[in-house]
Amino acid sequence: MTAPGTRTGAKTEDSDDLDVEEALALVREPKDDGDAPGPAPAAPGERHRATPWPRAREIAARAARSGSRRAPVSVPLADALGLVLAGPLDALTDLPSFDTSAMDGWAVAGPGPWEVRDEGVLAGHDQPEPLTDGQAVRIATGARIPADTTAVLRSEHGRTDAQGRLHATREVSHGQDIRPRGQECRNGDHLLPAGTLVTPAVLGLAAAAGYDTVTAFARPRAEVLVLGDELLSGGLPHDGLIRDALGPMLPPWLRAMGAEVTSVRRLGDDARSLRKALTASDADLVLTTGGTASGPVDHVHPTLERLGAELLVDGVKVRPGHPMLLARTKEDQHLVGLPGNPLAAVSGLLTLAEPLLRTLAARPAPEPYSLPLREAVQGHPYDTRLIPAVLRGDSAVPLHYNGPAMLRGIAAADALAVVPPGGARQGEEAELLDLPWAAAGIGVCFT
């Protein structure tokens, strides 16, 4: 297959990254050398080949709609968190399935005072003996209501006299503190539609409604290929070698986005190993780290060309992360090539991998939202910028340490602020991309 466009030039991630007007951060530090201006921007003839950032996200979201989604499966409730329902959730029983007490207290019949029976009624017990007018029985929350009960009198609203008779200290109304059978739903009622994200509350509702399993879309499978001979898997950097930050970071991030990570492999800068790994992979999404430019050991483009892959996105007008790419390697498989610099890789993950995985997992798109920036942010003249930010009240605070090779800013961030070409003024609204663990806390449950 032929790529719709040409290959990006041989530039590093920092090559046209301009100095940022850094603003309020969690700690105030002088600007790092890593934020210094890079070389002059590429010529206009080179820039036009990259895809605008919003368009790149649209392409990624639509790329998986050609039959790539995995078939629905029956999943035990214990394994269903974070999946998406493939069919509606209908009640398999009435909820509650019998009249129950909503409070600890007494089940009473007729007007008071009442004679209190010796035995009490506990949750989980079979149908208790009926009451007659003038009788009461101790009852626990969730216990079955005896037949002919008028109301439940809360423990704090009753007292007993010297003869052991029960008196109400407040007026008692018919049906008070009784949950009637079917109050929440009737057998067969439609509870949740297909396409609902399975949250902890959905698991609880499914269990209460009688389910042991749910039918959901299977998690898309993702494989991570870590490229680069300069990477260490442990210890301190030395002799020109650096620690691999992406190998530890990407798998939990992918899981938080709904993927099943099948493997993380270190291949180094080896074109033959890369080709062999791509040919053998059965993952729905393969992510590579580094090697997406056109340097002497950047093997991703040549390997994709040899495999006949279709390049859907070849460079994105975004900083950091410009040399990211998206390719269709097989009919049911895609590859996202992430830049090797850590924050640039995060940019690629949220720009290309997140929309594609969302579609594969049938997850709903998050509602876009914006907040005013507490400080001005200088932008790139042509490209979108993604800046780590913390959310404070009704504003977003851009963070320091937002260079392509830096993780210190994103480690403290709640979101990435989307800064349009030309920058944003103080108080100007900026779109925000939530990080999975900051979005209602649900994403962290999947790691």
Side-chain angles (χ1 to χ4, degrees), residues 13-14 16-38 53-54 57 245-246 249-250 252-253 256-257 316-322 324 339 341-351 353-355 365-444 447:
E13 171 56 31
D14 296 306
D16 48 2
D17 205 26
L18 298 188
D19 190 18
V20 178
E21 192 66 37
E22 297 184 336
L24 183 65
L26 294 180
V27 292
R28 285 201 174 272
E29 294 287 349
K31 290 187 180 180
D32 246 52
D33 290 342
D35 294 322
W53 182 77
R57 299 194 83 217
L246 298 181
M249 180 173 70
L250 291 179
W253 206 315
M257 295 194 300
V316 177
K317 295 182 179 180
V318 65
R319 307 292 158 164
H322 170 74
M324 67 181 74
N341 276 325
L343 187 57
V346 169
S347 175
L349 195 66
L350 296 180
T351 299
E354 188 278 329
E367 286 293 325
Y369 75 103
S370 301
L371 287 176
L373 294 170
R374 191 170 293 184
E375 300 290 343
V377 178
Q378 183 177 333
H380 188 278
Y382 311 106
D383 297 349
T384 300
R385 288 191 67 88
L386 300 181
I387 303 292
V390 291
L391 309 184
R392 294 290 181 263
D394 294 329
S395 64
V397 185
L399 294 177
H400 290 292
Y401 306 108
N402 51 39
M406 298 180 180
L407 285 173
R408 189 169 170 183
I410 193 70
D414 301 313
L416 287 177
V418 180
V419 179
R425 301 181 304 276
Q426 180 181 358
E428 186 175 344
E429 296 263 334
E431 180 185 352
L432 291 162
L433 301 180
D434 278 329
L435 303 181
W437 42 89
I442 183 65
V444 74
T447 61

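These numbers were taken from a predicted model, which means no experiment stands behind them.
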Tell me every residue that passes side chain to side chain donor-acceptor pair (under 3.5 Å) with T384, counting only those two or more places apart in sequence or in another chain.
none
About how many Å separate [atom2] of [Y] and [atom1] of [X], when rounded to the nearest 0.5 Å?
| X | Y | atom1 | atom2 | value |
| --- | --- | --- | --- | --- |
| L433 | I387 | CG | CD1 | 12.0 Å |
| L343 | L416 | CG | CG | 7.0 Å |
| R392 | D414 | CZ | CG | 6.0 Å |
| D383 | W53 | CG | CH2 | 12.5 Å |
| R374 | D394 | CZ | CG | 9.5 Å |
| T351 | M324 | OG1 | CE | 4.0 Å |

Answer whether the closest heavy-atom distance between the side chains of L391 and L371 falls below 4.5 Å.
yes
Within the structure provided, determine whether V418 and L432 are in side-chain contact (heavy-atom separation under 4.5 Å).
no
Of all the heavy-atom pairs spanning [X] and [Y], show the shortest one and how long it is.
| X | Y | result |
| --- | --- | --- |
| L435 | A413 | CD1-O, 3.5 Å |
| Y382 | P421 | O-CG, 3.4 Å |
| P342 | A245 | CG-CB, 4.3 Å |
| R385 | G379 | CD-CA, 3.7 Å |
| A405 | N341 | CB-OD1, 3.5 Å |
| A412 | V390 | O-CG1, 3.2 Å |

Residues V377, E428; criterion side-chain contact (heavy atoms from CB on, under 4.5 Å); working and verdict:
CA-CA 10 Å; V377 178; E428 186 175 344; over 6 Å; no
Under the side-chain contact (heavy atoms from CB on, under 4.5 Å) rule, collect the residues that match up with P355, sequence neighbours excluded.
R57, A60, A61, R358
Salt bridge (Lys or Arg N to Asp or Glu O under 4.0 Å) against E429, all qualifying residues, sequence neighbours excluded
none
